There are 2 protein chains.
Amino acid sequence: MSIADDFDLQNFLPYLLNQAAEVSSLQFQQVYKDRYGMLRTEWRVLFHLGIYGKMTAKQIGERSKMHKTKISRAVAKLAERRFLTRHRDGADRRLEYLELTEAGRRAYRDLREVAKTHDSALAARFSEADMATFKRMLRALASGAA
Amino acid sequence: MSIADDFDLQNFLPYLLNQAAEVSSLQFQQVYKDRYGMLRTEWRVLFHLGIYGKMTAKQIGERSKMHKTKISRAVAKLAERRFLTRHRDGADRRLEYLELTEAGRRAYRDLREVAKTHDSALAARFSEADMATFKRMLRALASGAA
DNA sequence: CGTTGTTAGTTACAAAATCAACTGTTAACA
DNA sequence: TGTTAACAGTTGATTTTGTAACTAACAACG
């Protein structure tokens, strides 16, 4: 096996996907990190609330597939920084509705524009048809179903 | 922004890539974790040595783009478990050549087969043409160049 | 030589992710 | 009701990662 093994890491999908994901996340990461001191989990929660409006931690978990402890901690930090507020449900007091404050909405709108620009820059490197195929396949892989 | 924001996370490339990468890594992760107690960094180092034969930590870093501290720790664990050996270069004693032991080669060959099977299963879900486009785009994104 | 800079790799400390156990609440049903 | 199970969310302990500073070795050049 020493020299010239026939297996190629650059063709192994999980490896390749991870490398592409890492590289493409980096630029955007610098923005939310430098500008708002956020973590990946935090901008994700922010975006979910920005896009869908008021929702519970549980619902965010279902949509994002993030583990509830990550969400709990991200929510705590966003609340601490006054980007969101929490209200208990009157009927079922286990539930807590999360909603962005005005500051949170401002941050969301700002980052959304950065995301759109970033996405366009990436998309511009490929044809529209290729990009459509690409996203369709990513969604299929992300959804998992064998 | 509350309801029906026009931005869609499912179209935002860094997010989508991360989700696809996470899902597609999971099955393989379970194998190297359960079967050999390895971490992601560890199987990567193992594969580099399995594919390319004897090389230094620096060279692994150049090929994999992993940070040298990750590699250092992965190498330490693999050495501890007798999957690889280290020899100092006689001429330049800063360099350390890493090489798989027989046990390391066995683990590599085993995991390589799992990887191949896993990869085929993923590939089988798409046409060959789509898969070629997909990998070409992933490589372009991974290589970074704007 | 000897000083300064560079390189390969490691270690120490802080930040973050993961897993399990926990609190407080509602639901089910004998 | 009372007891047990299920659920939303939090907390704590452990593991893993990331950042910086470090050690040991070589190189360049006065």
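Chain naming here is simple, since letters A, B, ... match the order of the sequence lines and numbering starts at 1 in each. Computed from a predicted model, the values in this text were never measured in an experiment.
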Hey, does the side chain of Arg86(A) come within less than 4.0 Å of dA8(D)'s phosphate (OP1/OP2), counting only N and O? no
Near DNA chain C, which residues from residues 57-81 of chain B have a heavy atom under 4.0 Å away? Ala57(B), Lys58(B), Lys68(B), Thr69(B), Ser72(B), Arg73(B)
Review item, nucleotides 25-29 of chain C N/O atoms under 3.5 Å of protein N/O:
from: dT25(C); atom 1: OP1; to: Arg93(A); atom 2: NH2; distance (Å): 3.0
from: dT26(C); atom 1: OP1; to: Ala91(A); atom 2: O; distance (Å): 3.4
from: dT26(C); atom 1: OP1; to: Arg93(A); atom 2: N; distance (Å): 3.2

Between Asp5(A) and Tyr52(B), does the side chain to side chain donor-acceptor pair (under 3.5 Å) criterion hold? Intermediate values first, please. CA-CA 7 Å; Asp5(A) 188 282; Tyr52(B) 303 113; over 6 Å; no
In this structure, CG of Leu13(A) is separated from CG of Leu141(A) (nearest 0.5 Å) by 6.0 Å
Lys/Arg-Asp/Glu bridge criterion (N-O < 4.0 Å) met for [X], [Y]:
X	Y	answer
Asp6(A)	Lys116(B)	yes
Arg86(B)	Glu99(B)	no
Asp130(A)	Arg136(A)	no

Nearest whole angstrom, please: distance from the [atom2] of [N] to the [atom1] of [X].
X	N	atom1	atom2	answer
Leu98(A)	dT10(D)	CG	C1'	13 Å
Met55(A)	dG9(D)	CE	P	11 Å
Arg40(A)	dT17(D)	CZ	C1'	12 Å
Glu96(B)	dT23(D)	CD	P	19 Å
Tyr97(A)	dG9(D)	OH	C1'	14 Å
Leu39(A)	dG18(D)	CG	P	12 Å
Gln30(A)	dG18(D)	CD	C1'	14 Å
Met38(A)	dA16(C)	CE	C1'	17 Å

Ring centers of Phe47(A), Tyr15(B) separated by less than 6.0 Å: no
Hey, what's the ring geometry for Tyr36(A) with Phe83(A), parallel, tilted or perpendicular (30° and 60° as the breaks)? perpendicular
Would you call the rings of Phe28(B) and Tyr32(B) parallel, tilted or perpendicular if under 30° counts as parallel and over 60° as perpendicular? perpendicular
Closest heavy-atom pair, His48(B) versus Ser64(B), reported as atoms and distance to 0.1 Å, is NE2-CB, 3.4 Å
